[in-house]
There are 2 protein chains.
Amino acid sequence: MNTALLIDEVRLTPILIADPPLLNTQGVHQPYTPRLIVEVVTRGGVTGIGETYGDGKYLDLARPLAEALPGRPVSDVNGLFALASEVCGDSRGPDERADASRVDAGGLRGVQTADKLRLSVVSGFEVACLDALGRTLGLPVHALLGGKVRDSVEYSAYLFYRWAEHPDTGEKDDWDAALDPAGIVAQARRFVRDHGFSSFKLKGGVFEPEQEIAAVRALAEAFPGRPLRLDPNGAWSVPTSLRVADELADVLEYLEDPASGTELMAEVSAGTSVPLATNMCVTTVPEIAEAFSRDAVQVVLSDHHYWGGLHRTRELAAVCRAFGVGLSMHSNTHLGISLAAMTQVAATVPNLDYACDSHYPWQTEDVITARHIFRDGRLDVSDAPGLGVELDREKLAVLHRRWLDDDGAMRERDDAAAMRKADPAWTTPSIPRW
Amino acid sequence: MNTALLIDEVRLTPILIADPPLLNTQGVHQPYTPRLIVEVVTRGGVTGIGETYGDGKYLDLARPLAEALPGRPVSDVNGLFALASEVCGDSRGPDERADASRVDAGGLRGVQTADKLRLSVVSGFEVACLDALGRTLGLPVHALLGGKVRDSVEYSAYLFYRWAEHPDTGEKDDWDAALDPAGIVAQARRFVRDHGFSSFKLKGGVFEPEQEIAAVRALAEAFPGRPLRLDPNGAWSVPTSLRVADELADVLEYLEDPASGTELMAEVSAGTSVPLATNMCVTTVPEIAEAFSRDAVQVVLSDHHYWGGLHRTRELAAVCRAFGVGLSMHSNTHLGISLAAMTQVAATVPNLDYACDSHYPWQTEDVITARHIFRDGRLDVSDAPGLGVELDREKLAVLHRRWLDDDGAMRERDDAAAMRKADPAWTTPSIPRW
């Protein structure tokens, strides 16, 4: 093995990035969201970069993994899973344990388990390793995954109900509030103008279903024939889900997580012809078999942060292909490193059936030198070595300084706490909310 | 893209390799079996090698693919499938078409379709491309697949009923006939002595089930506690399959393809606790969903020649992992290039649950410079660049000369035709045979 490929050092940099006041069924985005930037440096002097969640529970898992990596080949990404299990004190593989150790029964990413957290941490390291490997070899990451099968990847406009400014800090960007159908359509028009998106996803579960139905109807009128999606994050009962599906059947490309969990999703699925998508009830390997066998979902929104990286994302795509389940991509708040990783892996998957989600257009800050630019709603697939993006150390230092200076209030993303700044009586709604 | 990685030339060399008179339910191996050696040469002057089936129907598909490759990056293996479909005149992807174009309803590899043939051809090209890529980059193939998770791969002893010599030509190797339990045990003892194997698979479907049960019983007595398998290639009815499973339940690790097709396998599976393995009813992606959903098989024997290469083999492993189905590896007659490829991909798969099959110990000829050596039934995973094997051009020339000089009789593998040399009245048995 080429010693230049051995890992010499791993640097972890937690940061806080500005986030607009986007609303969802649990609350509102905080003014700042934590992310973790992973740098893997080889003995050959090459640095690869990755990005993942940055809350404390992720940092606690990332630190021992970072300490365990030096001396290992940067090409050895399959071995990261057993290593992560090992250094976190559990010798079983992550897949076997995903039903164990539930640490958090809420959250927009479904039930959180220790294994899901660990896979998300591994994803940041895997991407950094692949970036370093690609840079060393002079190959784009997609070539390390068998090569691209498309030259560009389509993304959708990710529409949110939102306020114009954060309630506590008053911080604002240059977007207006969007709290009704007209506001959502205006937001969509700007997304089309700025980025050329031609499909639209509305984050729902914020207002009563009738209002969200009206917003989707308004989008359908403003953009006739364009693919539309609605995602209430599991906030609805089965009857509500079926009613919304029925009312929007003629315009929805798919309905995302109307109800919560495989059991209820299967009930909804049995009662509608609208395809159901999920990034909540199928987020780990052990959840696949039941959901697919029961035809609970027709589209899986993959997310390399959830599934443990780019190789695992390709494997998920293969499982979907085998079972005739559609594939798209999910997104939480993320920066340009993860968008580059999403685009690289998306380029290699034959069965990418829908435009991918991305929060990226909402992010005014980044840690890379040149922002990604959507053209006609698409990103070109970079053929430059690695991910094709460069870390901007000055920007990174500024965002890390913000994390260091924070009193802890923003270091954990908590949409309910953020909502309480506007509504002190707010608590995380129990589901079904409607 | 590094122009040194562009494909400059592809060489196809059909060969005939010596094969012993091994018996199966369709007949007997011919004195010679066709294989195809694929060489992919890059502009950088690096040559990668692959190996696949060599019958005329494979050569007919390989030639246009070989002509289409120059100018493409050797790293672009994901693109081989669409290219193969395209140059063979069909624009649909291979997975979508696997139920179409059935060209042959028999054979030991289950129903043969045009798509299965094409995937087998692609596999030889994919392996050659990965070998060339690895050699260029100085990386073993396993590192191109995300890295090994084990340092050696276990193989099983592949026991056959056999004659001492071929009936027509009288050609023989240094093995005795094995036509009864004592002969099988003697064969197993030599495999243990020569290679250190500690698990055993008997190719069945040759004699009446009672005799094969007796052979497995004799193995169990000779090698107490060792994993044993029996594979009649779908020759049995459901009642016969259940009877054999019942009689051998205490010693079988698994029973391989007792009955033919998913429908009958599901019936057998429902009636026995002995795990069922297959390399006949699950050999393509479209066959997975029904077989897994019905619990028709508990172990899939992957074969990179069937599934379209090493990336696809890893994807199959992921599907098995998601559905709790075991994984091992199947083998037809093959040489050292394919054994190297099997070992490289097997090293990367976390859920390799059983010792892999290989015909390799039966092959006295090869096209590589140094034969693989099993130690304690295992092969070390090479960390040398590419597959870690070197083509011996003199040996290749000799075996190609044999192919050129053949009058056509051996260029198509036909076990029934070979059997007619001994038994002129032999026809391929209809199934269930017993």
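Quick note: numbers below take in every heavy atom, side chains included, and nothing from hydrogens, waters or symmetry partners. Just so it is clear: chains get the letters A, B, ... in the order the sequence lines come, proteins before strands, and each one is counted from 1.
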task: Could you give me the CA-CA distance, side-chain angles and deciding distance for B:D76 and A:V149, then say whether side-chain contact (heavy atoms from CB on, under 4.5 Å) is met?
output: CA-CA 8 Å; B:D76 183 14; A:V149 296; 5.5 Å; no
Under 4.5 Å from a heavy atom of chain B, the part of A:L130 involved: neither
message: Strictly less than 4.5 Å between heavy atoms, which residues of residues 290-300 of chain A line up against chain B? Please order them by number.
response: A:F292, A:S293
query: Can you list the residues that meet the side chain to side chain donor-acceptor pair (under 3.5 Å) rule with A:N351, with sequence neighbours excluded?
result: A:R321
statement: Sorted by chain and number, sequence neighbours left out, side chain to side chain contact (heavy atoms under 4.5 Å, CB included) with B:V381 holds for B:H142, B:K148, B:V153, B:T343, B:Q344, B:A347
side-chain contact (heavy atoms from CB on, under 4.5 Å) between B:N78 and A:V349, intermediate numbers included: CA-CA 8 Å; B:N78 291 332; A:V349 171; over 6 Å; no
A:H311 side chain reached by B:R314 side chain, heavy atoms, under 4.5 Å: yes
- prompt: How many angstroms lie between CG in A:L137 and CG in B:L133, if you round to the nearest 0.5 Å?
  reply: 8.0 Å
task: Please list, chain by chain and in numerical order, all residues satisfying side chain to side chain donor-acceptor pair (under 3.5 Å) with A:E267, sequence neighbours excluded.
output: none
message: Looking at every non-hydrogen atom in both residues, tell me the closest pair between B:E315 and A:A318 and how far apart they are.
response: CB-CB, 3.5 Å
query: Which answer fits A:L144, side chain, backbone, both or neither, if we ask what part of it has an atom under 4.5 Å from a heavy atom of chain B?
result: backbone
Nearest heavy atoms of A:A289 and B:A322, plus distance in Å: CB-O, 3.7 Å
